[in-house]
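Down below is the structure, laid out as structure tokens.
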Amino acid sequence: MNQEKMGNHGAASTANCRHTAGVYVAAPRDACGLLFTEADSPHAAGVCPSEDLLFAFLDGDVDAKTQLEMLRHLSTCEKCGVALSEIVAAMNAVEDTLRRPALSEFPDAHEWDLATDRMFEDLRDAGIVSSKIRADLREVARVVGRGAALGVEFVASFLWTGAKAAYSRRQAISRIATGAGKVAGAIVRLGAWGLARS
Amino acid sequence: MVDTRESQAIADSKRGDEEGFRYLHDAYRGYVYSLCLSIVSDRDEALDVCQEVFLAVFKGIGSVRDGVALKPWLRRVAVNVCLNYAGSARSGFRTAPARDEALDAAATRMPAARSFAGRPASDPAKEAEDSEERDAVREAMRGLPPDQRMAVALYHQESLAYEEIADLTGWPLGTVKTNLYRGRKAIGRRLRSYFDGGESG
């Protein structure tokens, strides 16, 4: 096994020594080493893999050939076996710590409340959050507004300008407000109300 | 399968209903906070960033499609907020020097790493050791540059594949691997001295 080959770990391998639940196995050489016990194996005295390669091996990020060579090497090289066990122990400690933060690492109830109140204040200031009733009213207003806009455009286009050009919403609303289009306005409001109920 | 209560809360939130927001906030704040804590490595900053994440989430809640799980989207927003936070001038989210003295102090009281395995969780001695081990890991994480910390957190906490991390962060695949390897090597070195210190001490 040469160093170049051991360093070539671009291709992902399906088989690896990482447990499916994300927990590293304690010592891959214990599980696999019995398969590679030939005393005259050329890998036994081979060049030790780099630490990067040990990580790649644990991640399953080495091709099948490299993986096999590493298993052979690890089955005979005490130093690499210890190095791998240390990596495994360290990464298990990292995963335990990150995945299950201690209660003391979380804010207490008072800190949460303060931060949460501040956040909702910001959301209310930005008009994003409101009480349930207000939210419902705003939703109705949104639908009515959309319906009214559509109705106004329709009426403006076909009743007042014929096929020439559409009135802008503002012009149309202005006409309705000045009484020039009271009937049209009533139709629009009725339509909007119907949309809001639908 | 998406939780129906969650779907309802998302629908309520889209209408601006505070109750919907509160439900989602209560359901996910622990998850978001723990992810932020791993990435920014400071308790107070993590709380600030966590609330920024929720602000961003609630402002963009209208873009969440019905029936889609919220968690992956939350994670994406959290990563983006943390990346922005890392890049902002006001941020204290930068590499803190590893507190070797803290590690050393903990190490003198610690047995070897391998002796942790197999002890019952209710063992008070084990709990104390776990707490010190946890402190050592947090210190080691704090000593990493932000990008390496991000890579380690996404890989080891979120169990994401290299490709998923690349997708989330916008880093090339090679950068993901580099950040991950360097981060883990640095953590390994620091924890090794911690474990070794325990053995000798």
Side-chain angles (χ1 to χ4, degrees), chain A residues 9-10 12 18 20-22 24 26-27 50-56 58-61 83 85-102 104-107 111-112 114-116 118-120 122-124 126-139 142, chain B residues 12-13 15-22 25-26 29-30 33-35 37-38 43-44 46-48 50-52 54-55 58-59 61 112-114 116-117 130-131 133-138 140-141 152-153 155-159 161-162 177 180-182 184-185 187-192 194-195:
Chain A
H9 52 91
R18 197 175 189 203
T20 48
Y24 283 107
S50 66
E51 197 176 7
D52 278 356
L53 189 52
L54 289 177
F55 275 116
L58 283 170
D59 289 350
D61 191 36
S85 295
E86 285 178 349
I87 290 174
V88 166
M91 292 308 112
N92 278 339
V94 168
E95 292 190 354
D96 280 350
T97 300
L98 300 189
R99 289 180 186 177
R100 288 181 288 276
S104 60
E105 294 181 292
F106 282 90
E111 288 172 310
W112 271 128
L114 279 178
T116 306
R118 219 167 35 233
M119 183 186 69
F120 275 101
D122 288 348
L123 287 169
R124 273 190 289 270
I128 294 167
V129 158
S130 50
S131 70
K132 188 165 179 57
I133 294 171
R134 279 189 173 185
D136 289 344
L137 284 174
R138 198 165 59 178
E139 180 70 1
R142 190 179 67 78
Chain B
D12 290 346
S13 300
R15 296 187 305 110
D17 174 14
E18 184 168 333
E19 283 178 38
F21 285 118
R22 284 198 183 272
H25 182 256
D26 291 349
R29 70 181 183 183
Y33 173 81
S34 61
L35 181 57
L37 179 65
S38 298
R43 198 173 165 278
D44 293 336
L47 183 56
D48 287 345
C50 174
Q51 300 304 69
E52 274 192 43
F54 277 106
L55 271 175
F58 291 155
K59 283 177 181 171
I61 195 82
R114 287 172 288 282
F116 292 149
D130 280 354
S131 168
E133 181 187 74
R134 183 180 296 280
D135 290 346
V137 171
R138 290 285 185 205
M141 284 287 282
V152 170
Y155 190 83
H156 286 286
Q157 182 172 354
E158 295 295 296
S159 301
Y162 299 153
K177 290 185 185 183
L180 189 56
Y181 288 160
R182 286 182 182 167
R184 294 193 295 191
K185 273 161 71 175
I187 290 174
R189 271 195 303 274
R190 284 166 185 164
L191 290 185
R192 204 174 298 135
Y194 161 77
F195 291 145

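In what follows, chains are A, B, ... by sequence order, proteins preceding strands, each numbered from 1.
- The closest side-chain heavy-atom distance from A/N92 to B/E133 is not below 4.5 Å.
- For the pair B/R134 and A/D96, the salt-bridge criterion is not met [side-chain N within less than 4.0 Å of a carboxylate O].
- Using a 4.0 Å cut-off between charged nitrogen and carboxylate oxygen, A/E51 and B/R189 do not count as a salt-bridge pair.
- Ion pairing between a basic and an acidic side chain is recognised when a charged N comes within 4.0 Å of a carboxylate O; B/K177 and A/D59 show no such pairing.
- Put simply, CH2 on A/W112 and CD on B/Q51 are 6.0 Å apart, with the number rounded to the nearest 0.5 Å.
- Taking B/E158 as the reference, B/Y31, B/R75 meet the side-chain hydrogen bond (donor to acceptor under 3.5 Å, both in side chains) condition, with sequence neighbours excluded.
- B/L55 touches chain A through backbone and side chain together, each having a heavy atom under 4.5 Å away.
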Please assess A/E111 against B/R43 for the test side-chain contact (heavy atoms from CB on, under 4.5 Å), listing each intermediate value before the final yes or no. CA-CA 11 Å; A/E111 288 172 310; B/R43 198 173 165 278; 3.0 Å; yes
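- For B/R182, no part sits under 4.5 Å from any heavy atom of chain A, backbone or side chain.
- Taking OG1 of A/T97 as the start and NE2 of B/H156 as the end, the distance is 12.0 Å to the nearest 0.5 Å.
- Residues B/R22 and A/T116 have side chains that never bring a donor and an acceptor to within less than 3.5 angstrom of each other.
- Taking CD1 from A/I128 and CZ from B/F58, the interatomic distance works out to 10.0 Å, rounded to the nearest 0.5 Å.
- Below 30°, between 30° and 60°, or above 60°: for B/Y33 and A/F106 the angle between ring planes is between 30° and 60°, a tilted geometry.
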